[in-house]
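Okay, structure first, notes after.
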Amino acid sequence: EVQLVESGGGLVQAGGSLRLSCSVSGFTIANYAIGWFRQVPGKDREGVSCISSSDDSTYYADSVKGRFTISRDNAKNTVYLVMDSLKPEDTAVYYCAVNLMSPRVRPEGPLLSDYAHWGLGTQVTVSS
């Protein structure tokens with residue numbers, strides 16, 4: 001059974017850091033692009049960062065560039081999102097998902113319809 005489980009969220013003050021983990025079972029992440037997304041109530045889910053399987057190329061939303069870093073540990077079948085210099089506007093539920101359509105990352109940003117096997121999410125709350 002394919003399963004993605006997010007963890008590492010929490011409450012942090014503005015300027016602080018968190019590391020999110022996406023632990024995957026049921027398939028090998030080395031063969032797939034993985035993405036992190038976030039959603040706040042009343043808004044659409046948005047792509048935050050993605051990492052390809054082939055060359056570890058990455059995508060970052062403009063709002064997180066220079067502050068967030070995505071990485072993968074194929075041996076642990078886990079993808080990480082290190083979030084530094086957090087801002088209140090980063091508050092959201094963060095999800096990870098696997099790209100079943102392509103092993104590569106789209107430079108213009110992910111298509112949500114390409115991603116599947118969404119986890120339940122982890123809440124990130126940044127206080128001002």
Side-chain angles (χ1 to χ4, degrees):
E1 179 187 1
V2 174
Q3 195 171 22
L4 282 75
V5 179
E6 304 92 342
S7 62
L11 173 64
V12 63
Q13 287 188 330
S17 299
L18 285 173
R19 187 181 78 158
L20 304 184
S21 299
C22 174
S23 299
V24 179
S25 58
F27 69 93
T28 301
I29 66 169
N31 300 325
Y32 296 91
I34 304 291
W36 282 99
F37 303 79
R38 65 187 181 187
Q39 190 170 23
V40 297
K43 291 191 176 181
D44 292 336
R45 192 168 296 187
E46 65 169 344
V48 175
S49 182
C50 306
I51 187 166
S52 73
S53 68
S54 52
D55 59 1
D56 278 349
S57 59
T58 57
Y59 162 82
Y60 294 97
D62 287 343
S63 58
V64 306
K65 275 181 185 175
R67 300 188 298 120
F68 289 12
T69 304
I70 192 171
S71 63
R72 62 195 305 148
D73 185 335
N74 290 342
K76 294 183 178 180
N77 226 32
T78 300
V79 175
Y80 302 100
L81 185 68
V82 174
M83 307 186 297
D84 296 319
S85 302
L86 281 161
K87 304 175 181 180
E89 50 264 43
D90 294 318
T91 295
V93 178
Y94 284 72
Y95 301 88
C96 62
V98 56
N99 189 334
L100 296 182
M101 303 302 291
S102 172
R104 291 182 293 272
V105 169
R106 296 173 77 242
E108 62 271 42
L111 288 173
L112 266 66
S113 57
D114 286 348
Y115 285 79
H117 300 299
W118 297 86
L120 295 179
T122 185
Q123 175 71 47
V124 171
T125 303
V126 184
S127 63
S128 57

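The chain is numbered in sequence order, starting from 1. Below, each value reflects all heavy atoms present in this structure, side chains not excepted, and no hydrogens, waters or symmetry copies.
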Shortest non-hydrogen separation from [X] to [Y] and the atoms involved:
X	Y	answer
Ser102	Ala33	O-CB, 3.8 Å
Ser128	Ala14	CA-CB, 4.4 Å
Ala116	Leu100	CB-CD1, 3.6 Å

For Ser49, which of Val82, Leu81, Thr69 qualifies under side chain to side chain contact (heavy atoms under 4.5 Å, CB included)?
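Going through the options one by one, the only one that passes is Leu81.
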Pair listing, ring pair (Phe, Tyr, Trp, His ring centres under 6.0 Å) test, anchored in residues 86-128, at least two apart:
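Qualifying pairs, neighbours excluded: Phe37-Tyr115, Phe37-Trp118.
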What do you reckon, is CD of Glu108 surrounded by more than 12 foreign heavy atoms closer than 6.0 Å?
yes
Nearest 0.5 Å, what's the [atom1]-[atom2] distance between [X] and [Y]?
X	Y	atom1	atom2	answer
Cys22	Ile51	SG	CD1	11.5 Å
Asp84	Leu86	CG	CG	7.5 Å
Glu46	Gln39	CD	CD	9.5 Å
Leu111	Asn99	CG	CG	8.5 Å
Ser17	Arg19	OG	CZ	12.0 Å
Ile34	Arg72	CD1	CZ	6.0 Å

One thing to verify: whether Asp90 and Arg67 come together as a salt bridge, which I'm taking to mean a side-chain N less than 4.0 angstrom from a carboxylate O.
yes
If the threshold is 4.0 Å, N to carboxylate O, is there a salt bridge linking Lys65 and Asp62?
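Yes.
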Evaluate Val124 against Leu20 for side-chain contact (heavy atoms from CB on, under 4.5 Å), listing each step before the verdict.
CA-CA 9 Å; Val124 171; Leu20 304 184; 4.1 Å; yes
Let me check something: do [X] and [Y] share a hydrophobic cluster, defined by ILVMFWY side-chain heavy atoms less than 4.5 Å apart, either directly or through other members?
X	Y	answer
Trp36	Val2	yes
Val105	Val24	no
Leu18	Tyr60	yes
Val12	Val93	no

Is the closest side-chain heavy-atom distance between Asn77 and Thr28 below 4.5 Å?
yes
Hey, are the side chains of Val79 and Ile70 touching, using non-hydrogen atoms and a 4.5 Å cut-off?
yes
Would you check, one step at a time, whether the test side-chain contact (heavy atoms from CB on, under 4.5 Å) holds for Lys76 with Ser21?
CA-CA 11 Å; Lys76 294 183 178 180; Ser21 299; over 6 Å; no
Could you check whether any side-chain N or O of Glu6 sits under 3.5 Å from a backbone N or O of Cys96, counting only pairs where one atom can act as donor and the other as acceptor?
yes
Looking only at atom types and distance, does a side-chain atom of Asn74 sit under 3.5 Å from a main-chain N or O of Ile29, one as donor and one as acceptor?
no
One pair to check against side-chain contact (heavy atoms from CB on, under 4.5 Å): Thr91 and Gln123. What are the steps and the verdict?
CA-CA 8 Å; Thr91 295; Gln123 175 71 47; 4.0 Å; yes
Using distance alone, with no hydrogens and no angle criterion, decide if Ser52 and Ser57 have a side-chain donor and acceptor under 3.5 Å apart.
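Result is yes, a qualifying pair exists.
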Would you sort out whether Ser7 and Thr122 count as a side-chain contact (heavy atoms from CB on, under 4.5 Å), showing the intermediate values?
CA-CA 6 Å; Ser7 62; Thr122 185; 5.5 Å; no
